[in-house]
Amino acid sequence: NYDTLKLVTALEGILTLPIFFWLGRELVGRYDRRLGWIVGLALAALVAASYRHLSLSRLGLRIIYTPGIVALIFIYLTRALRENRRMDFINAGLALGAGLYMYQVIRIMPVVIVAGVGIAVVFTARNWGERRQYLLNLSALVLVAFVVFMPLFRFSVDYPDDFWRRTSGRLFGDDLTQTT
């Protein structure tokens with residue numbers, strides 16, 4: 001029922017706060033632990049005080065899943081690009097694959113991930129072995145994300161108009177975003 005839906009999205013809104021704390025710690029805490037704590041607490045506090053986050057958490061809309069899953073993707077992608085470890089790429093792929101079920105705006109994240117890996121290949125990798133490792137790890141991320149996304153991919157193949165309707169309405173300004 002509607003109350004259960006609102007309860008679940010409120011819990012997701014609350015769960016997003018420690019994820020943003022973790023994101024702040026991951027972005028800055030590697031170099032300076034104290035600053036990482038401060039940035040993590042500041043990110044969590046800003047999200048907690050955000051009017052948009054609070055109102056969407058209370059409405060029962062699935063858009064509230066977006067900040068949390070994007071933060072998880074960025075946490076694992078940051079770790080993956082720094083260390084070039086396959087497990088971080090696989091975790092980012094799991095988060096991306098799950099995120100593709102949550103809200104349409106996540107569909108831009110593969111572009112962000114490929115751009116991030118491209119920048120790492122060009123500016124971070126020092127030799128061809130490291131570049132090859134980045135690309136191999138990216139392929140692992142893509143494979144894992146696709147395996148998780150596969151049921152929804154099948155739906156997108158069988159019903160492409162239904163799958164892309166709302167996205168095309170947002171991108172191209174189509175008037176009709178739902179079947180009446």
Minimum heavy-atom separation for Ile90 and Ala140, please, with both atom names. CG1-CB, 4.4 Å
State the OG1-CG distance between Thr78 and Leu23, to the nearest 0.5 angstrom. 6.5 Å
To the nearest 0.5 Å, how far apart are CD in Gln133 and CG in Asn127? 10.5 Å
Note: Ala92 and Leu141 closest approach over all heavy atoms is CB-CD1, 3.6 Å
Decide whether Val112 and Ile69 are clustered together by the hydrophobic rule: side chain heavy atoms of Ile, Leu, Val, Met, Phe, Trp, Tyr closer than 4.5 Å, transitively. yes
Work out which heavy atom in Pro67 is nearest to a heavy atom in Thr16; give both atom names and the distance. CB-CG2, 4.2 Å
Hey, could you give me the CZ/CD1 distance between Arg25 and Ile38, rounded to the nearest 0.5 Å? 11.0 Å
Hydrophobic cluster identity match, Val148 and Met150, side-chain contacts under 4.5 Å: yes
Compare all side-chain heavy atoms of Thr9 with those of Leu56 and state whether any distance is below 4.5 angstrom. no
Do Arg30 and Arg79 have side chains that get closer than 4.5 Å, going by heavy atoms? no
May I ask you to test the Ile64-His53 pair for a side-chain heavy-atom distance under 4.5 Å? yes
Is there a donor-acceptor contact under 3.5 Å from the side chain of Ser50 to the main chain of Leu46? no
Keeping Ser55 on the side-chain end and Arg52 on the backbone end, is there a donor-acceptor pair under 3.5 Å? yes
Check the hydrophobic clustering (I, L, V, M, F, W, Y; side-chain heavy atoms under 4.5 Å; chains of links allowed) and say if Phe21 and Val47 are grouped together. no
Can you get from Leu15 to Phe74 by hopping between Ile, Leu, Val, Met, Phe, Trp and Tyr side chains that sit under 4.5 Å apart? yes
Heavy atoms of other groups near Tyr51 OH, more than 12 under 6.0 Å: no
Shortest non-hydrogen pair, Ala145 vs Leu96, comes out as CB-CD2, 3.9 Å
Could you state the interatomic distance from CE (Met109) to CD1 (Ile73), rounded to the nearest 0.5 Å? 4.5 Å
Do the numbers put Arg107 on top of the ring of Phe163, so that NZ or CZ is under 6.0 Å from the six-membered ring centre and no more than 45° off the axis? yes
Roughly how far, to the nearest 0.5 Å, is CG of Leu43 from CD1 of Ile19? 12.5 Å
Can you tell if the side chain of Met102 reaches within under 4.5 Å of the side chain of Val70, non-hydrogen atoms only? no
Trp128 six-ring centre to Arg131 NZ/CZ under 6.0 Å and within 45° of normal: yes
Could you measure the distance from the CG atom of Leu72 to the CG atom of Leu94? Nearest 0.5 Å is fine. 11.0 Å
Report yes if the side chains of Leu138 and Ile113 come closer than 4.5 Å at any heavy-atom pair, otherwise no. yes
Taking the side chain as C-beta and beyond, is there a heavy-atom pair between Phe89 and Val117 under 4.5 Å? yes
What are the two closest heavy atoms between Glu26 and Ile75, and how far apart are they? CG-O, 4.0 Å
Taking CZ in Arg58 as the centre, count heavy atoms belonging to other residues, nucleotides or ligands within less than 6.0 Å. Is the count above 12? no
Specify the closest pair of heavy atoms between Phe20 and Gly68, including all atoms of both residues, with the distance to one decimal. CE1-N, 4.5 Å
For residues Phe155 and Leu100: do they belong to one hydrophobic cluster (side chain heavy atoms under 4.5 Å, members Ile, Leu, Val, Met, Phe, Trp, Tyr)? yes
Identify which one of Phe146, Tyr159, Tyr101 satisfies the ring-ring contact (aromatic ring centres under 6.0 Å, His included) criterion when paired with Phe153. Phe146
Heavy-atom side-chain proximity of Thr124 to Tyr134 below 4.5 angstrom: yes
Side-chain heavy atoms of Asn1 within contact of Thr4, under 4.5 Å: yes
